[in-house]
Structures are given as C-alpha cells and as structure tokens.
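Only one structure is covered here, and it is reproduced in the block below.
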Amino acid sequence: DAQSFAYHSRAYLKIQDGCDNSCGYCRTTIARGESRWLDGEEVVRRVKALEAEGFREIMLTGVNLTNYDHTGDGLGGLMEKILRECGTNIRFRLSSMEPDHVDDRLLNAISDYRVFPHFHIPIQTASDRVLKIIGRNYSIDHVEYIIRRLREIKDDPFIACDVIAGLPGEREEDWKITYDFLDRNDFAAMHVFPYSPRPGTPLYSSPLKIEERVRDERAKELRKLSERQSRSYLMRQLGKKVEILAEKNGSGTTGNYLKAKIIPSHNTDLVEGELYSGIITSVFPIEVSVE
C-alpha cells in the first residue's frame, strides 16, 4: 500500500504501514494490522524519481516509521541506501520516530546534512512504571539518549514530542517524573493529549484510571510548559543560518520546521519548491532573509 504523492512544494513518500506494537491505549494495530513496508530498492527508485522531477524535499512517512524492516537492516539501513544514491540538492524529513527501534545506525545515518534537523518522538510518559502498564517497549533512559544524540549530530534541532496526561496508573510521583523530564529536555514543541479510553484497547476497562479532573489539570500544566519551551526555542533561532523551502505567497518552511515569511534580496525571484539559504532575522513573526 506504500505510495508517494506530491503536495505543493514537497513530496511525501509512504514507506511503511501497520504496527507490531500493542500499546494499551492505541487502536492502530487493531485498525491497520501488522507492520509491513516497501522494499528498500523500490524506496530508492521512488526517491530518485521524485528527485528527478525536481523535488527538493521528501518526507518519509509511515504509521510506525521506525518499525521499517525492524528484523533486518532497519530504517537506518534504508537511510544509508537512500543517501548513497541521491544527490546533494535533495533533503529529507522523517515523519515520526517511535523510540523502541531508534538505534545508533539510524542516528548515524540521519547525521547527514541532507536530513533536516526536525524530529518528532512519541514519548507519552517519562515514568518507566507507567510505560510498562501501557505496553511501551522502551525505557525513558533510551529516549533521553536519543535526544542527546540528536543534539550532538544537529545544531539545536527542532525536537517535538507527544505526551499523554493522566494515563491509567499514573500516580503523583509518575506525573512529577514526566514533568521534570519534559522540563529538563526543553522540547521545541509538545503535543499534549489528555488520556481518553478507546473501545477495544487493553486499557479501555482498566481499574487504574485516574480522575478526569486530575487528568485535565496535568494536561493544562503540560501545555503551559510547552508554550514556554516553544517560545524559548524560537528566541534561540534569531540570527541563525537555515535552509528554507519556498512555498506559496512568499512563505516557506525552514529545515527545522519553522513556518516563515521569506524576505528576498532585491535581485532574487523566489521559485516555489526551490531550496534557499538564509538567516532568521525575526521570530515574532518569523522571517528569513535570503540572498
């Protein structure tokens, strides 16, 4: 079922579908079935075809992208193939990275300059105890290692995460562990969700549910933290050099995923879909000056 399709200035290439995990709150495995993926040679063929069509940015997508070929060379092996075959003018994004199959091979591959410094990690909770309750197959130490490596291989990358407030079994100490972890790791953005039971999932009838009032208060506090961290991240970008993909109406998206107005020099005619180098000269609103 994997396919590619273009939308405006970038191309999206779906290389994976389904999920082999059975997280206690999630219906993905029920709805989408087991993980499956496009053959690596076919992925490379499609990437090269999109590159030949003139696309300068490709986002690789999947329901659980890092589940790609997880019994073989993994997503890291695929990225090595892609980057070996492609030219210098193409750029890549990864749609999302579930932590359990993020290894050093993948992290080393995406250190390549052609992979944009923009990453999304579904964390959900920073409590190892709650991770076990909800069936997540990683430790929070591994997540922290991933974040540390991403910041080593990229210059202040945009790192976003998902977090669910009020998961079944989340005690006050678990909540504090999660809040402190998120505060300490200073994310560029957080997608905060209050836990909502899904019919058919293992935790739907769990006796460990917490009060909705407590859940909602925790979600509120996380959103406040997210707003502070997002503003802090933006302020750090002022004066930085970036690559930006030109889109419609003089706007664009930087490599670290900031939507910006492009301010061209007097002799630059912007071409939609082209990649430009520039400097962030304003962050409220975000503006990028290009030569």
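In what follows, every heavy atom counts, from backbone to side chain, and hydrogens, waters and symmetry copies are set aside. All figures in this text were calculated on a predicted structure; none of them were measured in a lab.
- Under the 3.5 Å distance criterion, with hydrogens and angles disregarded, a donor-acceptor pair is assigned to the side chains of Thr254 and Asn256.
- Ile123 is not listed as a side-chain neighbour of Ile164, based on a closest heavy-atom distance of 4.5 Å or more.
- Residues Pro99 and Ile121 are in side-chain contact: their nearest non-hydrogen atoms beyond the backbone lie under 4.5 Å apart.
- Counting heavy atoms from C-beta outward, Cys161 and Leu182 have side chains that approach closer than 4.5 Å.
- With hydrogens and angles disregarded, a donor-acceptor distance shorter than 3.5 Å links the side chain of Gln237 to the backbone of Tyr233.
- Taking a cutoff of 4.0 Å between a charged side-chain nitrogen and a carboxylate oxygen, Arg236 and Asp156 qualify as a salt bridge.
- Distance alone, capped at 3.5 Å, is enough to place a donor-acceptor pair between the Arg215 side chain and the Tyr195 backbone.
- Side chains of Arg114 and Asn89: no donor on one and acceptor on the other come within 3.5 Å.
- Figure legend: Lys209 and Tyr204 shown as a cation-pi pair, the cationic atom lying under 6.0 angstrom from the six-membered ring centre and within 45 degrees of its axis.
- Electrostatic pairing of Lys14 and Asp17 counts as a salt bridge here, judged by a charged N lying under 4.0 Å from a carboxylate O.
- Side-chain contact between Ile263 and Lys261: present, with at least one pair of heavy atoms (C-beta onward) separated by less than 4.5 Å.
- Cluster annotation: Val283 is not connected to Tyr257 through the hydrophobic network of ILVMFWY side chains, with a link wherever side-chain heavy atoms come within less than 4.5 Å.
- More than 12 heavy atoms of other residues, nucleotides or ligands shown are found within 6.0 angstrom of CD on Glu152.
- Looking at Ile147 and Phe187, their side chains come closer than 4.5 Å, going by heavy atoms from C-beta outward.
- Under the 4.5 Å side-chain heavy-atom criterion for grouping Ile, Leu, Val, Met, Phe, Trp and Tyr, Met97 is connected to Leu13 within one hydrophobic cluster.
- Remark: the backbone N or O of Arg228 is not paired with any side-chain donor or acceptor of Ser232 at under 3.5 angstrom.
- Of the possible donor and acceptor atoms, none in the side chain of Arg171 sits under 3.5 Å from a partner among the backbone N and O of Gly169.
- Checked by atom type, the side-chain pair Asp162/His120 shows a donor-acceptor distance below 3.5 Å.
- Panel note: side chain His118, backbone Ser95; no donor-acceptor pair is recorded below 3.5 Å.
- With hydrogens and angles disregarded, a donor-acceptor distance shorter than 3.5 Å links the side chain of Ser230 to the backbone of Ser226.
- Listed for the Lys154 side chain is a donor-acceptor partner under 3.5 Å among the backbone atoms of Ile110.
- Under a 4.0 Å N-O distance rule, the pair Arg184/Glu144 qualifies as a salt bridge.
- At a cut-off of 3.5 Å, with distance as the only test, a side-chain donor of Thr253 or Lys259 sits close to an acceptor on the other residue.
- A single hydrophobic cluster is seen to contain both Leu234 and Ile280, as judged by linkage of ILVMFWY side chains at heavy-atom distances under 4.5 Å, directly or through other members.
- A salt bridge between Glu51 and Arg56 is absent, with no side-chain N of the basic residue lying under 4.0 Å from a carboxylate O of the acidic one.
- Between the side chains of Thr125 and Thr178, at least one donor-acceptor pair of N or O atoms lies under 3.5 Å.
- Note that CZ of Phe119 is 5.5 Å distant from CD1 of Ile153, once rounded to the nearest 0.5 Å.
- Across Ile177 and Ala126, no two heavy atoms sit closer than the pair CG2-O, 3.4 Å.
- Salt-bridge formation is not detected for the pair Glu173/Arg129: no Lys NZ or Arg NE/NH1/NH2 atom is positioned less than 4.0 Å from an Asp or Glu carboxylate oxygen.
- Remark: the backbone N or O of Gly40 is paired with a side-chain donor or acceptor of Tyr68 at under 3.5 angstrom.
- Using modelled atom types, one finds a donor on one side chain and an acceptor on the other under 3.5 Å when comparing Tyr145 with Asp104.
- The structure places CG of Leu94 at 10.5 Å from OG1 of Thr61, a figure rounded to the nearest 0.5 Å.
- Under the 4.0 Å criterion applied to side-chain N and carboxylate O atoms, Glu221 and Arg218 are not assigned as salt-bridge partners.
- Sorted by first then second residue, the ring pair (Phe, Tyr, Trp, His ring centres under 6.0 Å) pairs that include residues 74-93, not counting sequence neighbours, number zero.
- To the nearest 0.5 Å, atoms CE (Met235) and CZ (Phe284) are separated by 6.0 Å.
- In this model, no donor atom of one side chain and acceptor atom of the other lie less than 3.5 Å apart for Asn137 and Glu98.
- Annotation: cation-pi pair Arg136/Tyr25 absent, no NZ/CZ under 6.0 Å from the ring centroid and within 45° of its normal.
- Proximity of Asp128 to Tyr138: side-chain heavy atoms (C-beta onward) are nowhere separated by under 4.5 Å.
- Atoms CD1 and CD1, on Ile82 and Ile90 in that order, are 10.5 Å from each other to the nearest 0.5 Å.
- For the 3.5 Å distance criterion, the side chains of Gln16 and Asn67 fail to qualify, holding no donor opposite an acceptor.
- With rounding to the nearest 0.5 angstrom, the CD1 atom of Ile244 is 13.0 Å from the CD atom of Glu274.
- Side chains of Val102 and Val143 form no contact here, defined as non-hydrogen atoms less than 4.5 Å apart.
- Side-chain atoms of Asp20 and His70 form a donor-acceptor pair, as typed in the model, at a separation below 3.5 Å.
- For the pair Glu42 and Arg46, the salt-bridge criterion is met [side-chain N within less than 4.0 Å of a carboxylate O].
- Two residues are said to be in side-chain contact when any heavy atoms from C-beta on lie closer than 4.5 Å; Lys176 and Tyr179 fail this criterion.
- Remark: the backbone N or O of Leu245 is not paired with any side-chain donor or acceptor of Glu272 at under 3.5 angstrom.
- Of the inter-residue distances, the one linking Leu222 atom CG with Glu227 atom CD reads 11.5 Å to the nearest 0.5 angstrom.
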